2 protein chains.
Amino acid sequence: MANGRAHTWQDIHERIKRNIINLTWPPGELIPGEVELAQEYGCARTTVNRALRELAATGVVDRKRKAGTRVAKQKTRQVRAEIPVIRTQVEAQGAAYRFQLLENKIKQPSKAIAKTLNIKASEVALHIRSIHYADELPFIYEDRWINVKTIPKIKQVDLAQTSANEWLVQHVPFTSGEFVIQAQNTNKKLAMALGLSVDEAILTSTRTTWLESKSVTTVTLKYSPGYQMHFEI
Amino acid sequence: MANGRAHTWQDIHERIKRNIINLTWPPGELIPGEVELAQEYGCARTTVNRALRELAATGVVDRKRKAGTRVAKQKTRQVRAEIPVIRTQVEAQGAAYRFQLLENKIKQPSKAIAKTLNIKASEVALHIRSIHYADELPFIYEDRWINVKTIPKIKQVDLAQTSANEWLVQHVPFTSGEFVIQAQNTNKKLAMALGLSVDEAILTSTRTTWLESKSVTTVTLKYSPGYQMHFEI
DNA sequence: AAGTGGTCTAGACCACTGA
DNA sequence: CAGTGGTCTAGACCACTTT
């Protein structure tokens, strides 16, 4: 490790990244080809390839056949977050978790929901509303619709015992999903439910997931005021 | 392609993923080892390894030496988004972009900002405030502090021409960063600046970036009401 | 047409970690 | 200590793009 010869792809990865951070290779610059780097670093081309592939995956470089590898002219920055199950999130704060089921009924959804779930307006879906508490304080208000055609098993689950949030995450795989965040003012009904005053600013997230071409569920979570969502860059 | 033998890692990746979605291999299940899968699919172990590595990276499976590969019991869901430069974001909506520099001054920051930038309370930093417009409507209010010790070059940039947002993204690399989102009510000052009424709910994001152990910049963006931030799962 | 990245292979050795 | 994933190598062929 002390000498100059590095053989792991992580070492190569770091060397190249350092050259980019140093601005030895500034944005837009064409960096040496894989064979050349392999010679320079004294390793196989495959190893250099692995290092460069990781850098490309995180957007640090752009690669094109024949054109070569260039340091990316950052046009966007990627942000990422791990969204845990609500119970885990509450318990991670050292608070006691509890949730209360307000509604659990199969019925006809609004046109907007039917469209989101891609079901006919005449079809039914499972509507669930609940409040999640942290140390007996309202933390999140959940309004969820589940496509029972996709997930018929949900009807046999006791959703007063296990929250739909948790059961779905653990038992239902999905192939794609969307997650939208916005700020909203509390209305009278929500303010009452969460014990807030009207017109407070709260963060809301709407998540919709799909299994192949069939919708699974769409859920809107309304967080208590002051809630912060953290991401990594 | 028409026959059953697949040789690319993407094909192997998809076959395995399908077995997981099918619940052929339910959450928690131990799936066959790399050598076994390589035999079954008629390819090299390296290729299976590549496929499984991608699945592990996206959290679909958990891998441990000796213990083998298991289908992940999803405890978290990862969400991702590409955050573009503000100008690009506005122009992507088909709107005309313009920004107005409200302040551009080197001065002593508040204690909170000094702490965030990890500089002494007596040191100075560059304070920038501006408004970004979409079709002449206020879109984002920006409040930024730049660590001039880390980025001395910033002093030579005409920030009335090129927004700090854009210049930094294109010219300054970073090694890590944090991104925090929350909902806030507009105060009187902000309402005036953006032409809003008081107490409207707006989304704010605060981003802080680092170059090795030195802070680069911390910026708070306040989006106009109704703004939605989209993520992929 | 030629150059560069993308990937596959077969074999080898290493590094963890569970039994 | 033995089994499984993690990685490296050398060579080969392929696929995409730019020239």
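Remember, predicted model here, so these are calculated numbers, not experimental data. Any value given below was found using the heavy atoms of this structure, including those in side chains, with hydrogens, waters and symmetry copies removed. In what follows, chains carry the letters A, B, and so on, assigned in the order in which the sequence lines appear, proteins first and then strands, with residues in each chain numbered from 1.
- Residue B/Ala44 places its side chain closer to C/dA10 than to any other of C/dG3, D/dC8, C/dA10.
- Here the nucleotide nearest the side chain of B/Lys66, chosen from D/dT9, C/dG18, C/dT7, is C/dG18.
- Counting to the nearest Å, the P atom of C/dC16 and the CZ atom of B/Arg65 are 6 Å from each other.
- In this structure, a donor-acceptor pair under 3.5 Å is present between the side chains of A/Asp143 and A/His127.
- Atom CZ of B/Arg63 and atom P of C/dT17 are 14 Å apart (whole Å).
- Ring pair B/His132/B/Tyr97 is parallel by interplanar angle, where below 30° counts as parallel and above 60° as perpendicular.
- For A/Glu54 and C/dG6, the CD to C1' distance is 15 Å, given to the nearest whole Å.
- Note: OH (B/Tyr41) to P (C/dC8) measures 15 Å, nearest angstrom.
- Projected onto DNA chain C by closest heavy-atom contact, A/Asn49 and A/Ala67 fall at different nucleotides, the more 5' of which corresponds to A/Ala67.
- One interatomic measurement links the two molecules: CG of A/Leu30 to P of D/dT19, which rounds to 11 Å at whole-angstrom precision.
- Between A/Trp9 and A/His13, the ring-plane angle classifies as perpendicular under the 30° and 60° cut-offs.
- Map A/Lys64 and B/Pro32 each onto its nearest nucleotide of DNA chain D; the residue landing nearer the 5' end is B/Pro32.
- Counting distance only, with no hydrogens placed and no angle test, the side-chain atoms of A/Arg45 and the base atoms of C/dG6 include a donor-acceptor pair under 3.5 Å.
- The pair B/Glu142-B/Arg144 meets the salt-bridge criterion, since a charged nitrogen lies less than 4.0 angstrom from a carboxylate oxygen.
- A straight line from CD of B/Glu34 to P of D/dG3 spans 16 Å, rounded to a whole angstrom.
- Note: B/Phe231 and A/Phe231 meet the aromatic proximity criterion, with ring centroids under 6.0 Å apart.
- What separates CH2 of A/Trp9 from C1' of D/dT9 is a distance of 17 Å, to the nearest Å.
- At the heavy-atom level, A/Glu36 lies nowhere under 4.0 Å from the strands shown.
- For C/dG6, neither phosphate oxygen OP1 nor OP2 lies less than 4.0 angstrom from any side-chain nitrogen or oxygen of A/Arg53.
- Nucleic acid contact class of A/Thr47 (heavy atoms, under 4.0 Å, all strands): sugar-phosphate only.
- Residue B/Arg70 contributes atom CZ, which lies 14 Å from atom C1' of C/dT17 at whole-angstrom precision.
- Contact annotation: B/Gln10 side-chain N/O to C/dT7 OP1/OP2 distance is under 4.0 Å.
- Phosphate contact (OP1/OP2 of D/dT7, side-chain N/O of B/Thr46, threshold under 4.0 Å): absent.
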